[in-house]
Amino acid sequence: MEKNKTAKEIIETYNGPKLRIMEVCGTHTHEIFRLGIRKILPENIELISGPGCPVCVTPVSFIDEAVWLALEKGVTVCTFGDLVRVPGTKMSLGEARAKGAKVQIVYTPLDAVVYAREHAGEEAVFLAVGFETTTPSACLAVKKAMEEELSNFSLLVANKTMPKAYAALKGSADAFLYPGHVNAIMGNCVCEELAQKEGVSGVVTGFTAKELLAALAVVIGRYKEGKSFFVNCYPRVVKEEGNQKARALMEEVMEACDSEWRGLGWIAGSGQKLREEFAPFDARIKYKVPEVEGKINPACRCGEVLQGKCKPTDCKIFGKGCTPQHPVGACMVSNEGACAAYYQYGEN
Amino acid sequence: MCVGLAARVVGVKNGMAMVDASGAQREVSAELLEELEPGDYVMVHAGIAIAKITDDDESETDALMESL
């Protein structure tokens, strides 16, 4: 029936039951907006922006820990740039910098190792956040620091893994657009199991217009069949077994722990921490970081946005008190955040 | 921060690869991929090549649509 239709036609002419599709990855969210794909969706297809932006799901308490390390311990915080403006309970790292904190923006954790090597008189702490896509680079940085016997380098770790989050979000959508590059590392096994054992449907896809449209057409086609499904729509990058070297590296350096997600709360086994043999590189141990309970601005609805319970535009402070220039919530800070996408491109 | 960058490998040396992304060149770690050679296309995340790109999106999506 769909044989002679283009992907765009399949999407535009869908007239089945309401179909809620959650794009998990923040880059998918932005590309879908930027390419105008939302404009061609019929009313019975809803796209929900999920929790796949690492900055957005990093809890306030992590920012508070980093600010404490910078101001109380005098360490040089090395970080991806978009974490600098995320509000903490009292201040962001950017505001801490105005009070004298040393904050060094790096492109990769490997650059933080170089910084530590070249600044022997400073203590460098890299803020390790992100999913399976960025965790290997943090692991590689630790291994390099160990090889070089650098004693002034450590990680403040808040890395997370996606599978438990998918399960936690099971009822939020009828199908997921899985993040292509998480699967490039982890392979497709987890998503196949989710479809077979948990009834969670989804496709993994790339980021071009062709890929996104084809993936949505595949979701529609398979959803109509009425059974849970998984399809690899990004085989040019995602191989069945993933990147085994990266997986082995993560397994060697990190182990699973419970983790707090902004908006989703604590999810058992969804976080990563350094294994005991790498304890000298664990900033929480090295500096005896006190436990903190971060407090989010009560007006901010990022948590509900991340679960697809409300749209950014449903938040009272969206575009008023909270803008990319003066963000209140993490989803407005990051270029991958849903609020930033809605602000930049409008609701559609 | 969590953005993949597609790039062409220009050279490989000592576990590092020089890659070219639309004219901008940068050195990235090649340690997590086997048998990387100049001319290969890779996906780069946070300074590390995480996957080889083995096709273009046109033929990939053509094959997908055929399967529907």
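Below, all heavy atoms of this structure are taken into account, side chains as well, without hydrogens, waters or symmetry copies.
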About how many Å separate [atom2] of [Y] and [atom1] of [X], when rounded to the nearest 0.5 Å?
X	Y	atom1	atom2	answer
A:T135	B:I48	OG1	CD1	10.0 Å
A:Y234	B:M43	OH	CE	3.5 Å
A:E211	B:D56	CD	CG	9.5 Å
A:L110	B:S29	CG	OG	6.0 Å
A:T108	B:E27	OG1	CD	11.5 Å
A:E132	B:H45	CD	NE2	11.0 Å

Partner chain B: residue of A:T134, A:V55, A:L140, A:T205 with the largest heavy-atom pair count (under 4.5 Å):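 Greatest number of close heavy-atom pairs with chain B: A:L140.
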- prompt: Using a cut-off of under 4.5 Å for heavy-atom pairs, which of A:D82, A:I185, A:V106, A:T27 has the most such pairs with chain B?
  reply: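 Most heavy-atom pairs under 4.5 Å with chain B: A:D82.
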Checking heavy atoms, do the side chain of [X], its backbone, both or neither come under 4.5 Å from chain B?
X	value
A:V129	both
A:L83	neither
A:P54	side chain
A:L249	side chain

Shortest non-hydrogen contact from [X] toward [Y]:
X	Y	value
A:K210	B:T61	O-CG2, 3.4 Å
A:P235	B:T54	O-OG1, 4.0 Å
A:A184	B:A51	CB-CB, 4.2 Å
A:D111	B:R26	OD2-NH2, 3.4 Å
A:E336	B:V3	OE2-CG2, 3.7 Å
B:M65	A:I10	CE-CD1, 3.8 Å

- prompt: Is there side-chain contact between B:L68 and A:K5, with at least one heavy-atom pair below 4.5 Å?
  reply: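 When only atoms from C-beta onward are counted, A:K5 and B:L68 do not touch, as no gap falls below 4.5 Å.
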Can you establish whether the number of heavy atoms outside [X] located under 6.0 Å from its atom [atom1] is more than 12?
X	atom1	result
B:E35	CD	no
B:E58	CD	no
A:K8	NZ	no

side-chain hydrogen bond (donor to acceptor under 3.5 Å, both in side chains) against A:E148, all qualifying residues, sequence neighbours excluded: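 Result, side-chain hydrogen bond (donor to acceptor under 3.5 Å, both in side chains) vs A:E148: A:R117.
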field: Check ion pair A:K143-B:E31 (N to O, under 4.0 angstrom)
entry: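 Here A:K143 does not pair with B:E31 in a salt bridge, since their nearest N and O are not under 4.0 Å apart.
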message: Closer than 3.5 angstrom, by distance alone: can the side chain of A:N243 be matched with the main-chain N or O of B:I50 as a donor-acceptor pair?
response: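 Looks like yes, one N/O pair under 3.5 Å.
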query: Tell me, side chain or backbone of B:I53 under 4.5 Å from chain A's heavy atoms, or both, or neither?
result: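 B:I53 touches chain A through backbone and side-chain heavy atoms alike.
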For chain A, the option from B:A46, B:G4, B:A6, B:A63 that forms the most heavy-atom pairs under 4.5 Å: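 The residue among B:A46, B:G4, B:A6, B:A63 with the greatest pair count is B:A46.
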query: Which ring pair (Phe, Tyr, Trp, His ring centres under 6.0 Å) pairs, counting each pair once, include a residue from residues 5-30 of chain B, with sequence neighbours left out?
result: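 Of all non-adjacent pairs touching residues 5-30 of chain B, none passes ring pair (Phe, Tyr, Trp, His ring centres under 6.0 Å).
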